[in-house]
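The structure displayed is predicted, hence computed values, not measured ones. In this chain, numbering begins with 1 at the start of the sequence shown. Only heavy atoms go into these numbers, but all of them, side chains included; no hydrogens, no water, no symmetry mates.
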Amino acid sequence: MEVYIPSFRYEESELERGYTVFKIEVLMSGRKHFVEKRYSEFHALHKKLKKCIRTPEIPSKHVRNWVPKVLEQRRQGLELYLQTVILENEELPKIFLDFLNVRHVPSLPKAESCGSFDETESEESSKLSHQPVLLFLRDPYVLPKANDNFPNVVIEGILHGIFYPHLLPR
């Protein structure tokens, strides 16, 4: 897993004072997504992580938010904080993964996310981790028996939608 904070922006709010939002880029298993977090969310994460793992220093809570140079230093410090948590922990806590909107995959250790294309996948890492969406009691491609009194409208509808989406139903 790789984590970067490429940018930040100032957010205006009618309900409270303006605040800075940090854009976090998360790269994991060849996929990239972005998460936006305020400093207060980083601070809350830090307090929770301190209870279960050794944590690096987090940038100071008290800064003048409107000074760009100070915000850039905070951005760099928060990026280093996230990267250090990843480097120093063999198994990342669920709190940390939730913070980054990463679904926890217990069968894949952190190191496997950096594998090369030449390596063959292990049997465990190639298993799918999803649940079936549809379950058929019998093979939907086999035609129903001639003695069925009613057509199976669910199977007909699915097959019609997949193979003949341009045709109108009967």
Side-chain angles (χ1 to χ4, degrees), residues 1-135 158 161-162 165-166:
M1 177 190 306
E2 296 176 43
V3 178
Y4 305 97
I5 301 179
S7 63
F8 57 87
R9 63 183 166 76
Y10 188 75
E11 188 75 25
E12 296 284 342
S13 174
E14 293 177 9
L15 302 174
E16 57 184 322
R17 285 188 319 166
Y19 53 89
T20 304
V21 176
F22 296 90
K23 185 176 185 176
I24 306 167
E25 179 181 328
V26 181
L27 293 124
M28 183 166 175
S29 302
R31 295 179 182 214
K32 178 184 354 181
H33 71 274
F34 294 93
V35 183
E36 290 189 335
K37 299 288 183 179
R38 296 173 60 170
Y39 178 84
S40 59
E41 294 173 285
F42 278 93
H43 194 260
L45 171 71
H46 179 69
K47 285 168 59 174
K48 290 176 186 174
L49 286 176
K50 279 192 336 188
K51 295 176 183 175
C52 58
I53 62 170
R54 275 190 52 227
T55 59
E57 289 294 317
I58 190 163
S60 173
K61 185 174 183 172
H62 303 288
V63 297
R64 296 168 59 195
N65 285 341
W66 58 89
V67 180
K69 184 177 179 182
V70 174
L71 285 174
E72 176 58 23
Q73 289 174 342
R74 181 179 262 189
R75 181 202 66 77
Q76 291 173 0
L78 292 173
E79 182 177 82
L80 182 62
Y81 175 82
L82 294 175
Q83 291 172 348
T84 304
V85 168
I86 292 169
L87 286 173
E88 291 185 355
N89 293 282
E90 189 62 36
E91 201 168 309
L92 297 169
K94 185 177 183 325
I95 302 163
F96 185 77
L97 296 173
D98 290 346
F99 179 82
L100 296 174
N101 286 353
V102 172
R103 190 175 49 159
H104 182 58
V105 185
S107 64
L108 296 177
K110 179 179 70 172
E112 279 191 29
S113 66
C114 300
S116 68
F117 289 111
D118 300 324
E119 295 172 0
T120 57
E121 284 188 319
S122 67
E123 188 179 335
E124 262 192 31
S125 68
S126 64
K127 289 181 183 174
L128 296 176
S129 62
H130 68 276
Q131 297 296 317
V133 177
L134 289 174
L135 180 65
I158 291 170
I162 293 172
H166 58 282

>> If the threshold is 4.0 Å, N to carboxylate O, is there a salt bridge linking Glu41 and Arg38?
In response: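 The answer is no: the pair does not qualify as a salt bridge.
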Do you know the tightest heavy-atom contact between [X] and [Y]?
{"X": "Pro6", "Y": "Lys23", "value": "CD-O, 3.0 Å"}
{"X": "Glu79", "Y": "Val3", "value": "CG-O, 4.3 Å"}
{"X": "Asn101", "Y": "His33", "value": "O-NE2, 3.5 Å"}

>> Check the orientation of Phe99 and Phe42. Use parallel for under 30°, tilted for 30 to 60°, and perpendicular for over 60°.
In response: perpendicular
All N/O donor-acceptor pairs, side-chain side in residues 43-56, below 3.5 Å, sequence neighbours left out:
unit_1: His46; atom_1: ND1; unit_2: Tyr81; atom_2: OH; d: 2.8

Roughly how far apart are [X] [atom1] and [Y] [atom2], rounded to 0.5 Å?
{"X": "Leu92", "Y": "Leu100", "atom1": "CG", "atom2": "CG", "value": "8.5 Å"}
{"X": "Leu71", "Y": "Thr20", "atom1": "CG", "atom2": "OG1", "value": "4.5 Å"}
{"X": "Thr84", "Y": "Glu57", "atom1": "OG1", "atom2": "CD", "value": "11.0 Å"}
{"X": "Glu36", "Y": "Ser7", "atom1": "CD", "atom2": "OG", "value": "7.5 Å"}

> Checking Arg74 side chain against Ser60 main chain: does a donor-acceptor pair fall under 3.5 Å?
Replying inline: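 Indeed, once roles are kept as given, a pair shorter than 3.5 Å links the two residues.
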> Is there a side chain to side chain contact (heavy atoms under 4.5 Å, CB included) between Glu72 and Lys69 once you walk through the steps?
Replying inline: CA-CA 5 Å; Glu72 176 58 23; Lys69 184 177 179 182; 5.8 Å; no
Quick one, [X] and [Y] - any side-chain contact, counting heavy atoms below 4.5 Å?
{"X": "Tyr19", "Y": "Glu11", "result": "yes"}
{"X": "Phe96", "Y": "Val102", "result": "no"}
{"X": "Leu97", "Y": "Met1", "result": "yes"}

>> Once side-chain hydrogen bond (donor to acceptor under 3.5 Å, both in side chains) is applied, do any residues pair with Tyr39, and if so which ones, sequence neighbours excluded?
In response: none
> Among all residues two or more places apart in sequence or in another chain, which pass the side-chain hydrogen bond (donor to acceptor under 3.5 Å, both in side chains) test with Gln73?
Replying inline: none
